[in-house]
Amino acid sequence: TFVTCSFIMGFQITGSFTVSHLQRVRSFTSVSSGSTLWTHSKGLVAGAKPRQLKAPPMACLSSPRKKTIISAKPPKISPLQTAQPVPLLESTPRHLFVHDNFLEPEFADNLRGVFDSRFETPRSNDVERFVWDYWHVPDQYSLMRTPAEPFFGEEDYKRLCDALTDFGQRYLGCNSITQPWLSYYVDGCEQRMHSDSWHGPFAYVLSLTRWDQRKFTGGETFILNLETLDYWRRFDPKKGLEESTMTTKVEPLFNRLTVFDPRLPHGVRTVHGSRDPREARLVIHGWFTDLGTPFYTGTLSEDQATVALNEVLDPLYAELGENCPRAMGVVNVRMHIRGSDGKVTAMESVADTLVPDPDGLADTTPSEARAAILEVMHRHLSTVRFPAVVDKKGKKKKAGADAPSGGGSAEDALQGPGDSCLTIPFVFE
């Protein structure tokens with residue numbers, strides 16, 4: 001088993017290594033210039049420059065986090081799994097979940113209104129109507145698409161990226177997103193089954209479809225179930241199978257964010273019905289990215305966190321490689337650190353798509369293999385002792401006094417003075 005991370009700035013390393021620099025969550029500004037997208041952040045080492053991320057439209061974006069973007073109302077409870085961290089030892093694979101009422105209602109309606117206004121006058125020859133690409137690959141893809149940034153304008157686009165990047169940090173342990181696309185599906189449009197995991201570890205679909213008012217059939221996202229992918233292991237000749245038992249369908253309800261593991265074969269059911277764009281399936285979509293960089297919030301300084309982690313990561317990677325079954329996927333671990341003594345008080349699985357390699361299981365079940373891996377991670381990470389950054393009275397100690405306070409997605413989980421949260425992505429290949 002190889003555990004891949006890119007803790008060292010700008011490089012990806014496989015195997016056992018030490019942490020060089022951690023990324024503190026800060027506000028980022030994304031600027032598009034020509035064919036290059038840049039992410040700007042304060043350097044983590046002296047003289048560090050912003051990273052240049054090439055090859056749009058799949059370049060990574062980091063945008064400022066604003067707490068007011070995501071709806072203050074509790075998300076609607078859905079029969080589908082929702083995105084919530086769980087204790088590390090209780091973690092189970094989470095390949096699909098939804099978050100309803102994702103954006104503030106007024107903002108979601110505004111985005112939808114921008115789209116509708118472009119098609120109010122069918123005979124108009126306004127230049128803004130000519131931005132759509134009809135993407136047609138025979139027997140695979142048929143849909144209308146356009147980059148979301150020029151379509152919605154700078155202010156709305158920034159708000160949209162704020163909401164998505166904040167969600168990625170809070171619930172997935174991902175720091176960035178790819179450039180969002182806007183697509184609509186009218187009669188005959190579809191995406192047949194495919195996988196596209198090279199874009200990022202998690203795909204997302206944010207629906208602006210007036211689903212309750214739709215005048216078409218189809219349009220649901222469908223994803224092949226794990227049991228179907230492991231077909232012969234669970235084959236029962238006494239039971240028949242139909243599409244509904246082999247796939248999971250997700251309806252694109254208005255303002256619903258659907259997140260899933262893009263390694264799983266998936267697609268969009270063929271739309272039949274209206275040819276009016278205003279009555280189409282309308283979605284914003286892309287991928288969450290940048291798993292290789294840990295990030296943290298709180299008062300713990302970068303140097304303090306680095307030294308403490310280096311003491312346990314080498315033996316952790318060694319035991320994973322020597323004693324645990326092979327596996328593929330990601331486990332993003334969030335460590336809660338008490339400021340008064342530096343102890344790790346809790347560990348959560350923020351995201352988990354870990355799947356054991358069937359060829360390496362022998363007499364071990366997939367559940368047992370996963371449990372063994374999580375136990376090793378929990379045991380080693382539990383021994384980390386970070387420096388105390390506050391005294392018994394809750395006042396900052398001098399060693400940690402200059403550490404900037406965190407402004408990222410885990411700050412609401414901090415319980416006491418000086419407490420910190422550190423999120424570490426583990427990528428198994």
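Reckoned from all heavy atoms, side chains included, excluding hydrogens, waters and symmetry mates.
Ring orientation note: the planes of Trp287 and His199 are tilted relative to one another, at an angle of 30° to 60°. In this structure, Phe97 and Phe202 have tilted ring planes: the angle between them lies in the 30° to 60° band. The aromatic rings of Tyr141 and His194 lie perpendicular to each other, with more than 60° between the two planes, well past the 30° mark.
Here the straight-line distance linking atom CE of Met193 with atom CD1 of Ile223 works out to 10.5 Å at 0.5 Å rounding. Atoms CG and CZ, from Asp116 and Arg210 in turn, are 7.0 Å apart once rounded to the nearest 0.5 Å. Note that the CG atom of Asn255 and the CG atom of Leu208 stand 7.5 Å from one another [nearest 0.5 Å]. Of the inter-residue distances, the one linking Leu313 atom CG with His380 atom NE2 reads 10.5 Å to the nearest 0.5 angstrom. Rounding to the nearest 0.5 Å places CZ of Arg379 at 9.0 Å from CG of Leu316.
Ion pairing between a basic and an acidic side chain is recognised when a charged N comes within 4.0 Å of a carboxylate O; Asp352 and Arg370 show such pairing.
In the model, His136 has a side-chain atom that pairs as donor or acceptor with a side-chain atom of Ser142 under 3.5 Å. The closest side-chain donor-acceptor pair between Ser195 and Arg263, if any, does not fall under 3.5 angstrom. With hydrogens and angles left out, the side-chain atoms of Thr209 and Ser207 include a donor and acceptor closer than 3.5 Å. No hydrogens or angles considered: nothing links the side chains of His266 and Gln191 as a donor-acceptor pair under 3.5 Å.
Applying the salt bridge (Lys or Arg N to Asp or Glu O under 4.0 Å) criterion to Arg214, with sequence neighbours excluded, gives no partner residue. For Glu227, there are no salt bridge (Lys or Arg N to Asp or Glu O under 4.0 Å) partners, not counting sequence neighbours.
Contact of the Val333 side chain with the Phe426 side chain is registered, since non-hydrogen atoms from C-beta on lie closer than 4.5 Å.
You'll find the ring centres of Trp132 and Phe151 inside the 6.0 Å limit.
Screening Phe167, Tyr171, Phe107 for a ring pair (Phe, Tyr, Trp, His ring centres under 6.0 Å) involving Phe102 leaves a single residue, Phe167.
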